[in-house]
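Some notes on the structure that comes next.
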Amino acid sequence: MEILKVDEQSKKERLDVYLTNKRQDLTRSFIKTLIDNGFITVNDKKVKAGYKLLKDDIIKLDIPRLQPSEILPENIDIDIVYEDDDVVVINKAQGMVVHPAGKLKSGTLVNALLYHIKDLSGINGKIRPGIVHRIDKDTSGLIVVAKNNFSHINLQKQIQNKSCQRIYLAVTFGKFKNESGEIKNYLARSKTNYEKFCVVPNNLGRFAQTNYKVLAYNNGFSLVKFQLKTGRTHQIRVHSLYLGHPIVGDKLYGNVEKVVNKKFDYIKGQLLHAYKITFVHPRTQQILTFTCPLPEYFEKFLKDNDLEVSL
């Protein structure tokens, strides 16, 4: 049990806000759950999350043990680019789902992480790999995993305030009218196809921003660098389609028939790769930058279409 005494400077603060600042390894939503369930008391009494603190109030935290994950560890090979006591950077292969969902219970990155990495974050009371952000099944490249709650919350905040830089490379159909620009609009799940997202009026969706720059064009294809400013589901794929240049190999948003032939039959999914990520290390405050090479099939497509550029 942890016991805290409220000082003069903290009086009149909300209880949940006070504890979020004191315990940076716990989310505010989890703290509220603990308060609502009586695991956090003030002067030995159950109070609400919005309780305004008084000087000399005694706060007691009796945080329950983390519940084990229902996800089973699996000995699946993963490419660990970097690892320390706080974070892990993974180069995810195309075709691997990040997190179990629905009927899919195995073969995911999370199953592999539970096997290879023993110290993982327990955000909101459950032991689980700290998946800070996700990339789609058929998108390859870099993903950051937090090994403790402190790092998880810190990295989430960096993504929310846009200080975490994420750069992707993609091959799209057609020649862009403008070689660089930014896309700003709102995205929501499609009402006609639950798997898809689409551009909607601003009162119906979530804001999404992507910057892009064309690196090369040839043979009807463009090699494009995309920089995420927000992190909505399928954001780059939807924004590419919105510009009229769907990503090659995208079975959901692209015109797959254009490239599914004998020449390019090695393409199994969208040519989209999380190439570079930069973030501030949660504990050391050092700026870390990681890049990872393009997958072999991606490199082959660039070579076959004379789209090779120095990165």
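What you see is a predicted model; the values in this text were computed from it and never measured. Hydrogens, waters and symmetry mates are skipped; everything else that's a heavy atom, side chains included, is used. Counting begins at 1 with the first residue of the sequence.
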- Query: Could you give the distance from CG (Leu15) to NZ (Lys32), rounded to the nearest 0.5 Å?
  - Reply: 11.5 Å

- d(His273 NE2, Glu299 CD) to nearest 0.5 Å is 9.0 Å

Is [X] linked to [Y] within one hydrophobic cluster, defined over Ile, Leu, Val, Met, Phe, Trp and Tyr using a side-chain heavy-atom separation of less than 4.5 Å?
| X | Y | answer |
| --- | --- | --- |
| Val171 | Leu169 | yes |
| Leu155 | Ile131 | no |
| Ile143 | Leu114 | yes |
| Val97 | Ile135 | no |

Can a donor-acceptor pair be found, under 3.5 Å and without considering hydrogens, that links the side chain of [X] to the backbone of [Y]?
| X | Y | result |
| --- | --- | --- |
| His99 | Arg134 | no |
| Ser222 | Val224 | no |
| Arg14 | Tyr51 | no |

- Message: Considering only residues two or more places apart or on different chains, which pairs with a residue in residues 170-181 satisfy side chain to side chain donor-acceptor pair (under 3.5 Å)?
- Response: none

Report yes if some heavy atom in the side chain of [X] is under 4.5 Å from a heavy atom in the side chain of [Y]; otherwise report no.
| X | Y | value |
| --- | --- | --- |
| Val17 | Arg28 | yes |
| Ile40 | Lys60 | no |
| Gln94 | Met96 | no |
| Thr278 | Leu288 | no |
| Tyr275 | Thr291 | yes |
| Lys46 | Asp36 | no |
| Lys22 | Ile31 | no |

Less than 3.5 Å apart, any donor N or O on the side chain of [X] or [Y] sitting next to an acceptor on the other?
| X | Y | result |
| --- | --- | --- |
| Asn305 | Tyr217 | no |
| Thr108 | Asn111 | yes |
| His281 | Asp84 | yes |
| Thr210 | Gln227 | no |
| Asn148 | Ser151 | yes |

- Quick one: list whatever passes salt bridge (charged side-chain N to carboxylate O under 4.0 Å, His left out) with Asp57, sequence neighbours left out. none

- Item | salt bridge (charged side-chain N to carboxylate O under 4.0 Å, His left out) involving Lys137 - partner list, sequence neighbours excluded | none

Minimum heavy-atom distance between [X] and [Y], given as atom pair plus value:
| X | Y | answer |
| --- | --- | --- |
| Glu74 | Ser106 | OE2-CB, 2.8 Å |
| Cys198 | Ser190 | SG-CA, 4.0 Å |
| Arg166 | Gly231 | NH2-CA, 3.9 Å |
| Leu271 | Ile267 | CD1-CD1, 4.3 Å |

Would you say that more than 12 heavy atoms from the other residues, nucleotides or ligands in this model lie under 6.0 Å from the [atom1] of [X], or not?
| X | atom1 | result |
| --- | --- | --- |
| Gln285 | CD | yes |
| Lys196 | NZ | yes |
| Phe207 | CZ | yes |
| Tyr242 | OH | no |
| Arg206 | CZ | no |
| Ile287 | CD1 | no |
| Lys48 | NZ | no |

For [X], which residues count as a ring pair (Phe, Tyr, Trp, His ring centres under 6.0 Å) partner, sequence neighbours excluded?
| X | result |
| --- | --- |
| Tyr212 | Phe176 |
| His234 | Phe197, Tyr253 |
| Tyr297 | none |
| Tyr82 | Phe290 |

In terms of side-chain geometry, is the basic nitrogen of [X] or [Y] positioned less than 4.0 Å from the acidic oxygen of its partner?
| X | Y | value |
| --- | --- | --- |
| Glu182 | Lys229 | no |
| Asp86 | Lys147 | no |
| Asp7 | Lys55 | no |
| Asp250 | Arg237 | yes |

Quick one: side chain to side chain donor-acceptor pair (under 3.5 Å) partners of [X], sequence neighbours excluded?
| X | answer |
| --- | --- |
| Gln165 | none |
| Glu8 | Lys11 |
| Ser240 | none |
| Asp62 | none |

- Item | Ring centres under 6.0 angstrom apart (Tyr168, Phe226) | no

- Task: Identify, with sequence neighbours excluded, every residue that meets side chain to side chain contact (heavy atoms under 4.5 Å, CB included) alongside Ala93.
- Result: none

- Using side chain to side chain contact (heavy atoms under 4.5 Å, CB included) as the criterion, point out the one residue from Ile277, Val89, Asn91, Ile90 that pairs with Cys292. Asn91

